[in-house]
Amino acid sequence: MLQARLARVTTRRSRVEAQHRSGFVALVGRPNVGKSTLTNAMVGDKVAITSSKPQTTRRAIRGIVSRENDQIIIVDTPGVHRPRTLLGKRLNDLVRETLAEVDIVGFCLPADQKIGPGDRFIAEDLRQLRGNRRTPAIVAIVTKADLVSRDELAAHLMEVERFAKAEDIVPISAREGEQIDVLMDVIASHLPEGPALYPDDQLTEQSVSDRIAELVREAALEGVRDELPHSLAVVVEEIVEESLDGDPFAEVAPGEGRLVVRVSLFVERDSQKGIVIGKGGKRLKQVGTRARRGIRDLMGRPVHLDIRVKVAKDWQRDPKQLGRLGF
């Protein structure tokens, strides 16, 4: 049964070539199963930040893949988890809202981990979704296939076959780039016929400010532990252009100066502020260096980054503060 379904993967391309197809696929799964890494691998560029810390993704980030016969819009959702804060509840609600609006659900299940309670929680949501009038197709994506042996992968695929009740199962390694094209062919085969929804050269729906904020947060997540990762939030306050010598009064032709980016990095307690800044400001300088490198690569020009660390007390549990921070 499983071999027959996997064999169908290799024949999908001929089915999608006749008409152009376009639509949305939501990548869902518990935290740290590789959804953001897979999104970047499919798009071919960094549109979602990645981290070893769970629940790194906080928004439904759209990556756009435009191919000759199809356009796949990828919605990289936050990891579904048992919420402990209002923010966690809102992230879970965001995932459920997303599932109701897409054409396909890519259910991500890592090859190096057994199916557990978090996976069953998501599977139950998907079963309830199937009771609705508009039902998305489900593709089980076995991620991190490079971390296990062939025998272990085969055994895991059989377990996923019994568990996921999916139309197709595709093992992949986003880190190694294995089976990514095959996965996109399978996804495209389930999309409705239709024209491209975005220009061919557009890779994401995120604004420049959103991408910069995420790059700063990604840099700040590096090396932190315990609960601090969940307490970090970043808001871009200003992006201005100035001359390369830093003269704020010099006239600068658009695109020829450097960008001055000012951001606020929020934590929930004064003690966390000290951790982020570090002794003598050493850690904050490291964060700035990493983030500035990513912003420079994104914008293709010199960048001056000014990060101010601020305290927004218990913002994850405060509806008003969540609103101000964009959640």
Audit row: Arg62, Ile74, side-chain contact (heavy atoms from CB on, under 4.5 Å) steps and yes/no: CA-CA 5 Å; Arg62 285 180 178 165; Ile74 307 157; over 6 Å; no
Partners meeting side-chain hydrogen bond (donor to acceptor under 3.5 Å, both in side chains) with Lys310 (sequence neighbours left out): Ser264
Distance-only polar pair, side chains of Arg30 and Gln113, donor-acceptor under 3.5 Å: yes
Side-chain donor/acceptor of Asn40 to backbone N/O of Ala48, under 3.5 Å: yes
ILVMFWY clustering at 4.5 Å (side-chain atoms), partners of Val260: Val240
Whether Ser189 side chain and Val186 backbone form a donor-acceptor pair below 3.5 Å: yes
Hphob cluster co-occupancy, Leu38 + Leu191, side-chain heavy atoms under 4.5 angstrom: yes
Ion pair check, Glu241 and Arg258, cut-off under 4.0 Å: no
Check: Gln179 side chain, Pro171 main-chain N or O, donor-acceptor pair, under 3.5 Å: yes
Pair Asp185 + Arg67, salt bridge at N-O below 4.0 Å: yes
Check: Pro195 main-chain N/O paired with Ser22 side-chain donor or acceptor under 3.5 Å: yes
Inter-residue atom distance Arg21.CZ - Ile187.CD1, 0.5 Å rounding: 13.5 Å
Note: Lys46-Glu218 ion pair, threshold 4.0 Å (strictly below): yes
Lys/Arg-Asp/Glu bridge criterion (N-O < 4.0 Å) met for Arg211, Glu214: no
Distance-only polar pair, side chains of Glu178 and Ser173, donor-acceptor under 3.5 Å: no
Short side-chain to backbone donor-acceptor contact, Thr143 and Gly34, under 3.5 Å: no
Ile307 with Ile239, same ILVMFWY side-chain cluster at under 4.5 Å: yes
Indicate every side-chain donor-acceptor pair of residues 151-159 with a distance under 3.5 Å to a residue at least two apart or in another chain.
unit_1: Glu152; atom_1: OE1; unit_2: Ser149; atom_2: N; d: 2.9
unit_1: Glu152; atom_1: OE1; unit_2: Ser149; atom_2: OG; d: 3.2
unit_1: His156; atom_1: NE2; unit_2: Pro110; atom_2: O; d: 3.1

Under the side-chain contact (heavy atoms from CB on, under 4.5 Å) test, residues paired with Lys313 that sit two or more places apart: none
Arg175: partners by salt bridge (charged side-chain N to carboxylate O under 4.0 Å, His left out), with sequence neighbours left out: Asp146
Donor-acceptor contact below 3.5 Å, side chain Glu167 vs main chain Ile138: yes
For Arg262, all residues meeting salt bridge (charged side-chain N to carboxylate O under 4.0 Å, His left out), sequence neighbours excluded: Glu238
